[in-house]
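Scroll down for the structure; my scribbles are underneath it.
Order of the sequence lines sets the chain letters (A, B, ...), proteins ahead of strands, with each chain counted from 1. Computed from a predicted model, the values in this text were never measured in an experiment.
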Protein chains: 2
Amino acid sequence: MSEATLTSQHAAVEPKTLVEGAYQRLRRDIIEGVHPPGEKLRVEHLKDQYEVGAGTLREALLLLVTDALVVTQGQRGFRVAPISLEDFEDITRTRILLETQALRQSITQGGEDWEAGVVAAFHRLSRAEQKLGDHDTYTQAAAEDWEKRNRSFHDALISASPSRWIRHFQNILYQQSERYRRISLFRKPVPRDVHAEHQALFDAALARDADRATSILTDHILRTLDSVRLMPPDFFAAQLKR
Amino acid sequence: MSEATLTSQHAAVEPKTLVEGAYQRLRRDIIEGVHPPGEKLRVEHLKDQYEVGAGTLREALLLLVTDALVVTQGQRGFRVAPISLEDFEDITRTRILLETQALRQSITQGGEDWEAGVVAAFHRLSRAEQKLGDHDTYTQAAAEDWEKRNRSFHDALISASPSRWIRHFQNILYQQSERYRRISLFRKPVPRDVHAEHQALFDAALARDADRATSILTDHILRTLDSVRLMPPDFFAAQLKR
DNA sequence: TCAATCTTTTTTCTCGAGATTTTTTCGTCG
DNA sequence: CGACGAAAAAATCTCGAGAAAAAAGATTGA
């Protein structure tokens, strides 16, 4: 199967080439804020940092344009995609549009394998949330783990959607919003009672109640908007321009 | 303004670099079917054809991955994205989802400048359709012209949508469906009475009747599906694999 | 002091050649 | 005759250096 058709995205795919390796590491660093929004990405600098040739790094940067994590203009090199509150609102709303549609399709058309995947992902996520609840065992690694499992859960929910394109776009948007979350919340323990939301979402999905599930999902996604809205007003203004 | 943020897409932007030039010509050739779906894109061959270096051509191909017109897998080079009936159905449905949403927003929030743009684009499109109606003046150039103006009209309709992301994704999908149309219809004069549809769409939009407009738009987009469905059954099977 | 112009420095873009990997070819064996 | 495997060919991937462009800095004149 030509599995590489869409969704070159995420996944722990072993990099078969130096370009892919540099691409994955760069993407992680951008999402985690190592390279903050607006930062100039100078090839001559980064090629040493990532231990590849100049041309190779250029190609990795070009691949990141696909994810809209890097922008390029004419003869002026590369730059980390800027962020703004309007952009995040746009991302959130568009994500809701796509993800609710995909969820609806999954609930309608998903089979036993879909159910099994959802159950498994929810279970793993619950365990991670349990860990985060115990303040004794809260660690950086546990938070990273939660991020991964949270995504897996959302992916599992919509995995039965027959639309590759919706899933493709959803991947891009999820990645984008993850960057906003990482940068804004910045390693703050997950605040609101997110487990209850996940539980409700899980119940509605398995009960095949599409209307209820999409409604919960919408609220769920919208709530992440509030966290970002609470950032200091000048937060988005502080973007490196040179 | 950082206009290059999203939508590096289309537009008659003067290529400021060899990579961009090769990218634009390659994209045109893929959409027009010069490089058919599934074709292997060998760098050593193409670099002579497009008169650039190997590295430069590689970068152009990487940019086309953004548009999902080219796929790349690991250590096995580049390939024109394959096509299939399911893919086109997916493209069509996803396009409807995004484009109706954008149209609704435009109708709700569009101002005078939006109206003016729609009126102008519709006028230009009508003239082109008039020309195509006269079978005397039917030419290849006129058909090309119609393609451009048709896209401009659709763009104008949704131009007042505040969502850059929806417009970004819509651009990609429109480009995709254009490739399907070009390959399948293959320079056949636009069959059905498309002008009447455009007229109805135009009227509903300017009357600010969002429900009617989106309904017409949905039918309008769906109808292009029929043309492709009428292709011979083995049409999609004939994809070059080497 | 400020603005404009010229020079220097930095950065991007481009190319060709070498190293790896994949694909094809071809001979050998069961 | 088909299958297996090694050698050859082709293609991809990678790198460093040179050309072109942009940015930074210095100089001059009002």
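Protein atom CZ of B:Arg79 is 10 Å distant from nucleotide atom P of D:dT12, rounded to whole Å. Taking atom CG of B:Leu57 as the reference point, atom P of D:dA11 lies 14 Å away to the nearest angstrom. Rounded to whole Å, atom P of D:dT12 lies 12 Å from atom CD of A:Glu59. If you measure from atom NZ of B:Lys16 to atom C1' of C:dT14, you get 18 Å, rounded to the nearest angstrom. For the pair A:Glu20 CD and C:dT20 P, the interatomic distance rounds to 19 Å; values are reported in whole Å. Atom pair B:Gln73:CD and D:dA11:C1' shows a separation of 14 Å (rounding to whole Å applied). In this structure, CD of B:Glu39 is placed 13 Å from P of D:dA11, rounded to the nearest angstrom.
Residues satisfying the salt bridge (charged side-chain N to carboxylate O under 4.0 Å, His left out) criterion with B:Arg124, sequence neighbours excluded, are absent altogether. Partners of A:Glu44 under the side-chain hydrogen bond (donor to acceptor under 3.5 Å, both in side chains) rule, at least two apart in sequence or in another chain, do not exist in this structure. For A:Arg179, the salt bridge (charged side-chain N to carboxylate O under 4.0 Å, His left out) test picks out no residue, with sequence neighbours left out.
Although no hydrogens or angles enter the test, the distance criterion places a donor-acceptor pair under 3.5 Å between the side chain of A:Asp90 and the main chain of B:Arg164.
Using a 4.0 Å cut-off, some side-chain N or O of B:Thr17 falls inside it from OP1 or OP2 of C:dT14.
Using bins of under 30°, 30° to 60° and over 60° for the plane-to-plane angle, the ring pair A:Phe169/A:Trp165 lands in the tilted bin.
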Solution key, residues 111-118 of chain A side-chain donor-acceptor pairs under 3.5 Å, sequence neighbours excluded:
residue	atom	partner	partner atom	Å
A:Trp114	NE1	A:Ala156	O	3.1
A:Trp114	NE1	A:Leu157	O	2.9
A:Glu115	OE2	A:Arg208	NH2	2.7

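Looking at A:Phe153 and A:Arg149, their side chains never come closer than 4.5 Å, going by heavy atoms from C-beta outward.
Cation-pi geometry between B:Arg181 and B:Tyr174 is met: under 6.0 angstrom from the ring centre, within 45 degrees of the axis.
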Set out, line by line, the N/O atom pairs under 3.5 Å between protein and nucleotides 9-12 of chain C.
residue	atom	partner	partner atom	Å
C:dT11	OP1	A:Arg42	NE	3.4
C:dT12	OP2	A:Val43	N	3.3

Evaluate the side chain to side chain contact (heavy atoms under 4.5 Å, CB included) criterion for residues A:Asp87 and A:Tyr180: first the C-alpha distance (whole Å), next the side-chain angles of each, then the deciding distance (0.1 Å), finally the verdict. CA-CA 10 Å; A:Asp87 184 47; A:Tyr180 278 87; 2.6 Å; yes
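Near-neighbour residues of DNA chain C inside residues 47-55 of chain B, defined by a heavy atom below 4.0 Å, number-ordered: B:Val52, B:Gly53.
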